[in-house]
Amino acid sequence: MLPDLAPETRLFIDGRLVESSTGARFENLNPATGQVLGTTADGTAADMRAAVAAARRAFDETGWASDPALRARCLRQLHAGLLAEKEQLRAIVVREAGAPISLTTFMHVDGPIDMLSWWAEKAERYVYERAMPEGSFLGQRVRRLLRREAMGVVGAITPWNVPLLLNLTKIGHALAAGCTVVLKPAPDTPWSATHLGRIASEHTELPAGVLNIVASADSLVGEALVRDPRVDMVSFTGSTATGRRVMECSAGNLKKVFLELGGKSAAIVLDDADLASVLPGAAATCIHAGQGCALTTRWLVPRSRYAESIEILRTAFQAWKYGDPEDPVNLQGPQISRRQQERVLGYIERGRAEGARLLVGGGRPTRRGFFVEPTLFVDVDPRATIAQEEIFGPVCCVIPYDGDEQAVRIANDSVYGLSGAVYSPDEARALQVARRIRTGTISVNGGQWFQVDAPFGGYRQSGIGRENGEQGFEEHLETKVIALPGTPPG
Ligand code: NAD
C-alpha cells in the first residue's frame, strides 16, 4: 500500500524552500489516469539565475570543495533522510512517472537511494593529490604533484523516465566530487526532484547554495541554466535532440558538457541459443512502457530458426501483463503523457506503412490513462524508421539475419551506441561478438551491467562521458599538476 502523497512542491534555492518568483504553479498529472495530482512552483529564468548565483557563491566562498569529510557526512545524512522518506518517494515515482511498483525496488527507488552511501565513501576515500614519479626538464630534476579538484558549479538536467534514479545520480556524483549543483528536473516529474529539497533541508547540514532545485514547466528555463557563464559543467540526461541543443548553448563559455542520451540497442540471439529460454526475455522491451534508454528494442534472430523464434516471441508478447502501475503484477504502466502516447502510436503507424509485419498489439487500449499495447513487429527492415529511431515505447522490432558477421553489422548500423545483449551457450563465441558491438555496455547471456560502481554511457550519439564508477566521479574533477624543484642528482 502506498502512502497518501505529501510531496514538497516548492523550489530549493540557497538553502530555502521557496515559491517561484512569480508565484505561478503548474499541474502534475498521473499518467495512469490522466488526472491532476497537484501543482508545483513554476520556476522562471530569474529563479534559475538566483539558484546559479547561490551555487556559485557556495562553491567560491565556502570550504565545501576542499572538505571531503563534510561531503561524506552530508551524503550520509541525505541517504538517511531518503531512507526515512522512502515510501513517500515510492508513491511519488509511481504516481507521477507511472513507474510500475514492482520496479521501484531496484530501479526507481531503493537501489538509487542506496547509491548515496557509495558516493559518500567515494568522497572520503578518493586520493585527491598524489606525487608523480620525479621527472627532469632541461637537465633539472622536477617533482610533480598530480591534483584533482572539483569542476565547480554543475548544471544538472534530467528526464522523466527514471526521475529519482537520475536526480540522485546527478546529485551523488557532483556533491561527492565537491561541486555545487543546480538541478532542473523534467516538467512531467517535478516532485521526484522538489521532494529532495525538503529532505536536504530537514536531514542534512549541506551549506546553503550547495544544492539547488528549480522545477519549471518551461524547458527554456533549463536553457537559461545551460547558457549561464557561471556554470562550469552541464550534466545532461535526455534525448539526443535536446543533447545537441545543450551542446550548442554551452559553447558561450566553453563549459564542460556531459551527455547521457538515447539508444536503440540490439539483442543478438546467436544460432546455437536456447530459444525457449532466451526469447521470452524480448518482452522486457515493454518494461516501464519501453521508457528506458538502454532497453534492447531490436531483436536480431537467425533466419535459419526464424519461424520457431517468432512463435515463441508471439506467445511471450501476448502473455505480457500491463496496466495499473500500482498493481505488482504489471511491469508495464502508461507512457508518461498524451504527447508520448501519440508519438509512440505514430511510430507504430509508420512501421506498418514501411512494411513491417505487426504480430501483437499496436493499439491504444480503451482504459483511461496514456497506455499503449505491448507491440511486436517482425520482418523489420534494419533500415526502417522503427529500426533506426528511438521510439521510447513498448515496441519491439524483430530483424532476421544470416550469419554472425551480418548480425554484428546490423547491430552497429545505428547512430546510437548505448547498450546491447548477446545470447549463446558458447560463452567464448558470445564474447567475441560482444567485443565487436560499438556500445558503452553490453550483456552476455543475461549479465547485468547496471551498478553504481560500473561506468555507464554511450558511444556515438548516445552521449559523451560516463556516469557511475571511478570514471563518473572523475568526470566531475579538474586535473592540476603542481611542479616543484626536484631533489638534486647525487
Ligand atoms: P528531453 O530531451 O525532452 O528532456 C530532458 C530534459 O531536458 C528535461 O528536463 C527538459 O525539460 C530539458 N530540456 C528540454 N529542452 C531543453 C533545452 N533547450 N535546454 C535545456 N534543457 C532542456 O528528454 P525526455 O523526453 O525528458 O527523456 C527521454 C529521453 O531521455 C530519451 O531519449 C532517453 O533515451 C533519454 N535517457 C537517456 C538516459 C541515459 O542515461 N543515456 C537515461 C534516461 C533517459
Side-chain angles (χ1 to χ4, degrees), residues 26 31 40 42-43 45 48 96-97 99 107-108 112 155-170 173 182-190 192-194 213-228 231 234-252 255 257-265 288-297 335-337 339-341 343-344 347 389-393 414-419 439-441 449-450 454-468 472 475:
F26 66 102
T40 312
D42 193 0
M48 186 55 86
E96 74 171 5
M107 181 177 166
H108 285 282
I157 299 179
T158 51
W160 42 261
N161 62 328
V162 266
L164 186 66
L165 166 71
L166 294 170
N167 293 337
L168 293 179
T169 296
K170 300 288 182 211
H173 281 77
V182 179
L183 172 66
K184 209 292 293 171
D188 311 84
T189 51
S192 299
T194 50
I213 299 167
V214 180
S216 176
D218 182 359
S219 286
L220 290 183
V221 171
E223 201 161 306
L225 174 62
V226 174
R227 287 185 182 281
D228 198 307
V231 174
V234 172
S235 176
F236 172 82
T237 300
S239 64
T240 294
T242 310
R244 207 169 282 126
R245 178 81 190 142
V246 163
M247 210 163 174
E248 284 166 12
C249 295
S250 300
K255 55 174 69 72
V257 180
F258 173 87
L259 302 173
E260 293 283 4
L261 309 176
K264 190 76 191 179
S265 303
H288 190 24
Q291 301 170 124
C293 53
L295 290 171
T296 47
T297 51
Q335 309 313 123
I336 187 70
S337 60
R339 195 170 68 105
Q340 281 299 115
Q341 181 193 36
R343 185 171 172 274
V344 173
Y347 271 114
E389 295 188 10
E390 184 185 50
I391 299 175
F392 232 50
S414 171
V415 296
Y416 297 110
L418 195 54
S419 185
T439 60
T441 59
W449 41 258
F450 187 75
F456 172 73
Y459 284 29
R460 296 185 289 230
Q461 294 184 36
S462 285
I464 298 176
R466 292 291 178 273
E467 222 154 40
N468 292 335
E475 296 273 5

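Every number for a ligand or one of its atoms is a count from 1 in the order of the listing. Keep in mind that what you see is a predicted model, and the values were worked out from it rather than measured.
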Q. Do Glu223 and Arg227 sit within salt-bridge range, that is, some charged N less than 4.0 Å from a carboxylate O?
A.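 Salt bridge between Glu223 and Arg227, a charged N being under 4.0 Å from a carboxylate O: yes.
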Q: Could you tell me whether Glu260 and Arg466 make a salt bridge, using a distance below 4.0 angstrom between a side-chain N and a carboxylate O?
A: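 Looking at Arg466 together with Glu260, the answer is no, because their closest N to O distance does not fall below 4.0 Å.
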Heavy atom to [atom], shortest distance: which of [options] holds it?
| atom | options | answer |
| --- | --- | --- |
| atom 11 (O) of ligand 1 | Lys264, Arg339, Lys184, Glu390 | Lys184 |
| atom 15 (N) of ligand 1 | Asp218, Thr189, Thr242 | Thr242 |
| atom 29 (C) of ligand 1 | Ser239, Pro190, Gly222 | Ser239 |
| atom 17 (C) of ligand 1 | Arg227, Arg244, Glu223, Glu260 | Glu223 |

Need the ligand 1 atom indices (1-based, order shown) with element for anything under 4.0 Å from a heavy-atom of [X].
| X | answer |
| --- | --- |
| Pro187 | 11 (O) |
| Arg245 | 18 (N) |
| Pro185 | 9 (O) |
| Leu418 | 41 (N) |

Judged by modelled atom types alone, do [X] and [Y] share a side-chain donor-acceptor pair under 3.5 Å?
| X | Y | result |
| --- | --- | --- |
| Gln335 | Arg343 | no |
| Thr189 | Ser192 | no |
| Thr441 | Ser419 | yes |

Q: State the CD-CD1 distance between Gln340 and Ile391, to the nearest 0.5 angstrom.
A: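 Between Gln340 CD and Ile391 CD1, I get 11.5 Å after rounding to 0.5 Å.
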**Q.** Atom pair CD1/CG of Ile157 and Asn167 - distance to nearest 0.5 Å
**A.**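 One gets 12.0 Å once the value is rounded to the nearest 0.5 Å.
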Q.
Would Thr237 count as being in polar contact with ligand 1, using the rule that some N or O on each side must be under 3.5 angstrom apart?
A.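 Not met; the criterion fails.
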(Q) Asn161 versus ligand 1: do any nitrogen or oxygen atoms come within less than 3.5 Å of each other? (A)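 Not met; the criterion fails.
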Distance to 0.1 Å, residue and atom name: give those for the protein heavy atom nearest to [atom].
| atom | value |
| --- | --- |
| atom 21 (N) of ligand 1 | Ile157 CD1, 3.7 Å |
| atom 24 (P) of ligand 1 | Trp160 NE1, 3.3 Å |
| atom 9 (O) of ligand 1 | Thr158 O, 2.7 Å |
| atom 38 (C) of ligand 1 | Cys293 SG, 3.1 Å |
| atom 35 (C) of ligand 1 | Gly238 O, 3.1 Å |

Q | Main-chain N/O of Gly417 paired to Thr439 side chain as donor or acceptor, under 3.5 Å | A |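 Judged by distance alone, no pair lies under 3.5 Å.
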(Q) Closer than 3.5 angstrom, by distance alone: can the side chain of His108 be matched with the main-chain N or O of Val162 as a donor-acceptor pair? (A)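 Not confirmed, His108 side chain does not pair with Val162 backbone.
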**Q.** Leu220 to ligand 1, any heavy atom closer than 4.0 Å
**A.**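 No, Leu220 has no heavy atom closer than 4.0 Å to ligand 1.
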Q: Would you sort out whether Glu389 and Tyr347 count as a side chain to side chain donor-acceptor pair (under 3.5 Å), showing the intermediate values?
A: CA-CA 9 Å; Glu389 295 188 10; Tyr347 271 114; 2.5 Å; yes
Q) Just heavy atoms, cut-off under 4.0 Å: does Leu261 contact ligand 1 by side chain, backbone, both, or neither? A)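 Under 4.0 Å from ligand 1, Leu261 contributes backbone atoms alone.
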